[in-house]
A.B. asks: 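Structure incoming, see below.
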Amino acid sequence: MDTPIDHRQYLAALDPKTRVYLTQRSDVAGLWHLAGHLGLILGLGALIALGVPGWPLLMLPQGILIAFLFTLQHECTHKTPFETPWLNEAVGHGAGFLIFQPFLWFRAFHFAHHRHTNDPEHDPELAEPKPKTWRALVWHLGALNYWRDKFRLLALLATNNVADPFVAAARRPQVAREARIMVSGYGAALWLGLIWPELFFVWILPLAFGFPVLRLYLLAEHGGCDHVDDMFRNTRTVFTNSVVRFVGWNMPYHTEHHIYPGVPFHRLPELHRDMDAYLKVTALGYRSFARDYAKSLEG
């Protein structure tokens with residue numbers, strides 16, 4: 001195979017049998033991975049709730065595990081983690097509830113991001129520019145603005161003020177209804193928290209530690225990449241360890257995902273092996289990315 005000029009030529013060169021193999025969804029693979037992810041959350045949550053010695057130290061890994069349900073919700077927008085359609089929808093909604101992100105709204109947002117990846121004029125991810133100064137980076141990684149943005153979004157959607165251009169007019173009533181259900185659910189969770197205060201320590205407070213880690217992880221996907229219409233140049237794959245790949249549902253293979261979003265998480269390592277020689281933007285771990293990104297920041 002000749003070296004492709006861009007991602008389109010790479011995709012065109014994939015033979016039909018390979019395409020069929022790579023896009024096979026699996027309930028078994030998805031449910032096993034989900035069981036592992038949720039099992040870790042429930043296990044750490046139980047240790048925190050029981051107040052075992054050193055339990056405050058568990059809130060960082062607990063927060064990371066819950067915050068990284070974002071990567072699961074993200075996969076569910078593509079309907080790829082599970083073969084059964086309703087599983088993708090149910091898990092996507094459930095993950096969104098735990099991280100305060102409406103699933104239907106995010107699906108529309110994310111599809112617009114895929115259509116206009118790293119296009120400053122049309123990619124909704126760039127509505128808030130990537131940080132270019134140390135002050136902007138600290139604010140970007142902080143959890144306060146995440147909570148502010150999510151509560152504001154829920155309030156707007158629940159009151160039927162869905163103004164985002166990427167949400168189709170026909171979908172807006174569904175988006176508003178989902179937000180109202182979520183707000184009702186948070187009301188019930190608040191009531192439960194009054195009866196069982198440990199809920200705050202196993203869910204909400206850990207997220208304050210987990211969100212900054214998630215935001216650094218997400219910054220590596222496109223931060224510092226070219227603003228061009230070529231997935232090999234506007235998206236970054238990060239070479240990392242199996243633990244991060246597990247928690248991130250293999251989304252560190254992000255160039256691979258963007259070039260062929262129909263490939264489920266459990267097939268991405270195989271797509272990566274085929275695509276590895278063509279990757280143009282990579283990082284040897286998130287520490288390496290953070291170090292290189294920091295060098296580009298202004299004072």
A.B. asks: Between T235 and E221, do the side chains contain an N or O donor and an N or O acceptor separated by less than 3.5 Å?
C.D. replies: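 There is no such pair between these side chains.
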
A.B. asks: Could you tell me if E75 and T80 have a donor-acceptor pair between their side chains, going purely by distance under 3.5 Å?
C.D. replies: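 T80 vs E75: donor-acceptor pair found between side chains.
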
A.B. asks: Taking all non-hydrogen atoms of both residues into account, name the closest pair between L69 and I99 and its distance.
C.D. replies: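 Taking every non-hydrogen atom into account, CB-CG2, 4.2 Å.
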
A.B. asks: Give a yes or no on whether a salt bridge exists between R8 and D229, defined as a side-chain N under 4.0 angstrom from a carboxylate O.
C.D. replies: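 Looking at D229 together with R8, the answer is yes, because their closest N to O distance falls below 4.0 Å.
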
A.B. asks: Assess the side chains of E125 and H222: does a donor N or O sit below 3.5 Å from an acceptor N or O?
C.D. replies: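 No, no side-chain donor-acceptor pair sits under 3.5 Å.
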
A.B. asks: Could you tell me whether H113 and H122 have their ring centroids closer than 6.0 angstrom?
C.D. replies: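 Aromatic pair excluded; centres sit 6.0 Å or further apart.
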
A.B. asks: Determine whether the aromatic ring centres of F166 and F111 lie less than 6.0 Å apart.
C.D. replies: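 No, ring centres 6.0 Å or more apart.
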
A.B. asks: Looking only at side chains, do H74 and W249 share a donor and an acceptor under 3.5 Å apart?
C.D. replies: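 There is no such pair between these side chains.
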
A.B. asks: Would you tell me whether D27 and T84 have side-chain atoms, one donor and one acceptor, within less than 3.5 Å of each other?
C.D. replies: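 Per modelled atom types, D27 and T84 side chains form a pair under 3.5 Å.
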
A.B. asks: Please confirm whether the ring centroid of F106 lies under 6.0 Å from the ring centroid of F70.
C.D. replies: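 F106 vs F70: aromatic centres under 6.0 Å.
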
A.B. asks: Is there a donor in the side chain of H257 and an acceptor in the side chain of H78, or the other way round, less than 3.5 Å apart?
C.D. replies: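 The criterion, which ignores hydrogens and geometry beyond distance, is satisfied for H78 and H257.
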
A.B. asks: Ion pair present between R171 and E178, side-chain N to carboxylate O less than 4.0 angstrom?
C.D. replies: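 Looking at R171 and E178, the cut-off is not met.
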
A.B. asks: Give a yes or no on whether the ring-centroid distance for H272 and F239 is below 6.0 angstrom.
C.D. replies: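 So the answer is yes for these two rings.
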
A.B. asks: Does K17 come within less than 4.0 Å of D15, counting only side-chain N to carboxylate O?
C.D. replies: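 Result for this pair is no, no salt bridge flagged.
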
A.B. asks: Determine the interplanar angle of the Y217 and Y286 rings, folded into 0 to 90°, and report it as parallel if under 30°, tilted if 30 to 60°, perpendicular if over 60°.
C.D. replies: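 It falls in the tilted class, 30° to 60°.
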
A.B. asks: Give a yes or no on whether the ring-centroid distance for H37 and F68 is below 6.0 angstrom.
C.D. replies: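 Between H37 and F68, the centre distance exceeds or equals 6.0 Å.
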
A.B. asks: Determine whether more than 12 heavy atoms belonging to other residues, nucleotides or ligands lie under 6.0 Å from atom CZ of R148.
C.D. replies: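 Atom CZ in R148 is crowded, with more than 12 foreign heavy atoms closer than 6.0 Å.
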
A.B. asks: Before we go on, tell me: are the rings of Y10 and Y260 under 6.0 Å apart, centre to centre?
C.D. replies: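 So the answer is no for these two rings.
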
